[in-house]
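Here is the structure we will look at.
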Amino acid sequence: ESIMEAFRMSEPLRKIAPTLQGLATGDNDRFLRCWWEVSSEKLKYDCRCLNEALDSDYKWFPMNKGGGYRKWFGNNETVLAFDQENYNALLQSGNHLPSRELYFKEALTWGMITSSKFSMRLNGCGFIFSNAGLACIAGDHETSLYLLGLMNSAVASAALSFIAPTMNYTNGDVGKCPVRSSPVKKNKVGALSSECIDIAVTDWDSFEVSWDYSRHPLLPGMSKKDGLK
């Protein structure tokens, strides 16, 4: 009864923050790489808008590609060739860059296909979202944290079990999840989400797949100058 009441009395997520499908390249072998496969001098992590990317001298930019079950932060391994030449090619390939005016904005992302439970992560500015790593864009950081806390909760998991009972979580399905705005609880939920993100960032950065990796956690006394690369 409480879940039914939530659907009746709450707004769907898509009305608070649009849930979007991103680009499909049409040729992943050509356009996609892991970040460690490309030159760091041609890779930009903190682009803030489409024009900035196209006007820059960089070729590679981070891309949300979904990945396995992971809450709060992580699965940041894929980069996309998105300089002017490849941008023009992508306009003629795949699904022709839908919602491209929102690329590089802060977003919540999740994998469309999973054999596990639903999990959502926060990406700061700099990422392009895909048809496999979909996006929810709230417009401000505080709302993003509030929605992230909700969508990683047992409440959202229960709601999604009715909306999307298969292994697919499309942007349309996730956009139907009920959200009850609570200004009183927003700061508290946001603070808890921030703590969870900090823990997830520390965990992600302790492995070499992170571009912010510095040293293995089992070797706390060593640093790069001691021989770790």
Side-chain angles (χ1 to χ4, degrees), residues 17-68 70 72-114 119-141 144 148 169-171 174 197 200-201 204-205 207-214 224 229:
T19 51
L20 305 165
Q21 182 186 65
L23 70 88
T25 68
D27 187 351
N28 286 350
D29 289 339
R30 173 181 175 182
F31 294 104
L32 300 184
R33 297 288 187 275
C34 291
W35 66 264
W36 55 82
E37 296 179 299
V38 305
S39 169
S40 60
E41 295 180 353
K42 287 293 184 178
L43 173 54
K44 185 172 178 60
Y45 297 104
D46 57 355
C47 184
R48 303 187 72 86
C49 68
L50 178 62
N51 288 337
E52 181 184 342
L54 298 180
D55 291 341
S56 73
D57 293 325
Y58 293 91
K59 177 179 180 179
W60 301 97
F61 300 84
M63 182 178 183
N64 296 327
K65 202 67 176 66
R70 186 176 178 87
W72 311 111
F73 182 88
N75 291 353
N76 302 330
E77 302 176 13
T78 305
V79 293
L80 173 72
F82 204 71
D83 54 359
Q84 187 67 65
E85 178 183 349
N86 285 287
Y87 174 80
N88 293 336
L90 286 164
L91 282 174
Q92 308 301 319
S93 178
N95 60 355
H96 313 295
L97 305 180
S99 304
R100 55 187 176 272
E101 70 280 0
L102 296 175
Y103 295 170
F104 305 109
K105 305 297 183 184
E106 179 181 270
L108 306 176
T109 185
W110 69 95
M112 186 180 73
I113 300 175
T114 178
S119 60
M120 185 174 275
R121 297 168 292 280
L122 177 72
N123 279 142
C125 296
F127 286 77
I128 299 167
F129 51 95
S130 71
N131 64 323
L134 295 86
C136 170
I137 299 180
D140 67 86
H141 187 62
S144 291
L148 183 63
Y169 294 105
T170 67
N171 58 306
V174 174
I197 291 168
V201 168
W204 181 255
D205 289 346
F207 297 96
E208 290 98 328
V209 292
S210 168
W211 52 63
D212 287 321
Y213 171 83
S214 59
K224 288 183 179 180
K229 304 297 183 182

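Other residues, nucleotides and ligands place no more than 12 heavy atoms under 6.0 Å from the CD atom of Glu41. Atom CG of Asp212 sits in a crowded spot, with more than 12 heavy atoms from other residues, nucleotides or ligands closer than 6.0 Å.
Between Ala53 and Cys47, the shortest heavy-atom distance links the atoms N-SG, 3.4 Å. In terms of heavy-atom proximity, Lys42 sits nearest to Asp57 at NZ-O, 3.2 Å. Shortest non-hydrogen contact noted between Asn76 and Trp35 is O-CD1, 4.0 Å. In plain terms, the two heavy atoms of Leu122 and Leu108 that are nearest each other are CD1-CD2, 3.7 Å. Nearest approach of Phe82 to Leu50, heavy atoms of both residues: CE2-CD1, 3.5 Å. Contact between Trp60 and Arg33 at its shortest, heavy atoms only, is CH2-CG, 3.5 Å.
To the nearest 0.5 angstrom, Gln21 atom CD is 8.5 Å from Ser99 atom OG. Separating the CG atom in Leu134 from the OG1 atom in Thr19 is a distance of 8.5 Å, to the nearest 0.5 Å. One finds the CG atom of Asn171 at 10.5 Å from the CG atom of Asn131 (value rounded to the nearest 0.5 Å). Here OG of Ser39 is found 10.0 Å from NZ of Lys59. Values are rounded to the nearest 0.5 Å. For the atom pair CG (Leu32) and OG1 (Thr78), the distance works out to 6.5 Å, reported to the nearest 0.5 Å. Rounded to the nearest 0.5 Å, atoms CG (Asp27) and CG (Leu90) are 9.5 Å apart.
Contacts of Trp36 classified as side-chain contact (heavy atoms from CB on, under 4.5 Å), with partners at least two apart in sequence or in another chain: Cys34, Glu77, Val209. Residues satisfying the salt bridge (Lys or Arg N to Asp or Glu O under 4.0 Å) test with Lys44, not counting sequence neighbours, are Asp46, Glu52.
Between Trp110 and Tyr169, the distance from one ring center to the other does not fall under 6.0 angstrom. The six-membered or imidazole ring of Phe104 lies away from that of Phe127, with a centre-to-centre distance of 6.0 Å or more.
Leu148 places a side-chain heavy atom less than 4.5 Å from the side chain of Trp72. A 4.5 Å side-chain heavy-atom check between Ser210 and Glu208 finds every atom pair outside the cut-off. Side-chain contact between Val201 and Ile197 is present, with at least one heavy-atom pair separated by less than 4.5 Å. When side chains are defined from C-beta on, Asn86 counts as touching Arg30, because their heavy atoms get closer than 4.5 Å. In this structure, Asp205 and Tyr213 have side chains that are not in contact, with every pair of non-hydrogen atoms separated by 4.5 Å or more. Residues Leu102 and Leu20 have side chains in contact (heavy-atom distance under 4.5 Å, counting atoms from C-beta outward). Asn95 has its side chain within reach of Leu23: a pair of non-hydrogen atoms, C-beta onward, lies under 4.5 Å apart. No side-chain heavy atom of Met63 sits less than 4.5 Å from a side-chain heavy atom of Val79.
Panel note: side chain Thr109, backbone Arg121; no donor-acceptor pair is recorded below 3.5 Å. One N or O on the side chain of Asn75 and one on the backbone of Gly66 form a donor-acceptor pair closer than 3.5 Å. Not a single donor-acceptor pair under 3.5 Å links the side chain of Ser93 to the backbone N or O of Ala89. Arg100 places a side-chain N or O within donor-acceptor distance of the main-chain N or O of Leu97, the cut-off being under 3.5 Å.
Taking the six-membered ring where tryptophan is involved, the planes of Trp211 and Tyr45 are tilted, since the angle between them lies from 30° to 60°.
No hydrogens or angles considered: nothing links the side chains of Asn64 and Ser130 as a donor-acceptor pair under 3.5 Å. For the residue pair Asn88/Gln92, the side-chain donor-acceptor check at 3.5 Å is not satisfied.
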Residues Tyr103, Phe129; criterion ring pair (Phe, Tyr, Trp, His ring centres under 6.0 Å); working and verdict: CA-CA 7 Å; Tyr103 295 170; Phe129 51 95; 5.3 Å; yes
### Task
Output, in order, the C-alpha distance, side-chain angles, deciding distance and verdict of side-chain contact (heavy atoms from CB on, under 4.5 Å) for Lys65 and Asn28.
CA-CA 11 Å; Lys65 202 67 176 66; Asn28 286 350; 4.1 Å; yes
Open item on the list: Set out, in order, the CA-CA distance, both residues' side-chain angles and the distance that settles side-chain contact (heavy atoms from CB on, under 4.5 Å) for Lys105 and Cys125, then state yes or no.
Closed with: CA-CA 5 Å; Lys105 305 297 183 184; Cys125 296; 5.8 Å; no
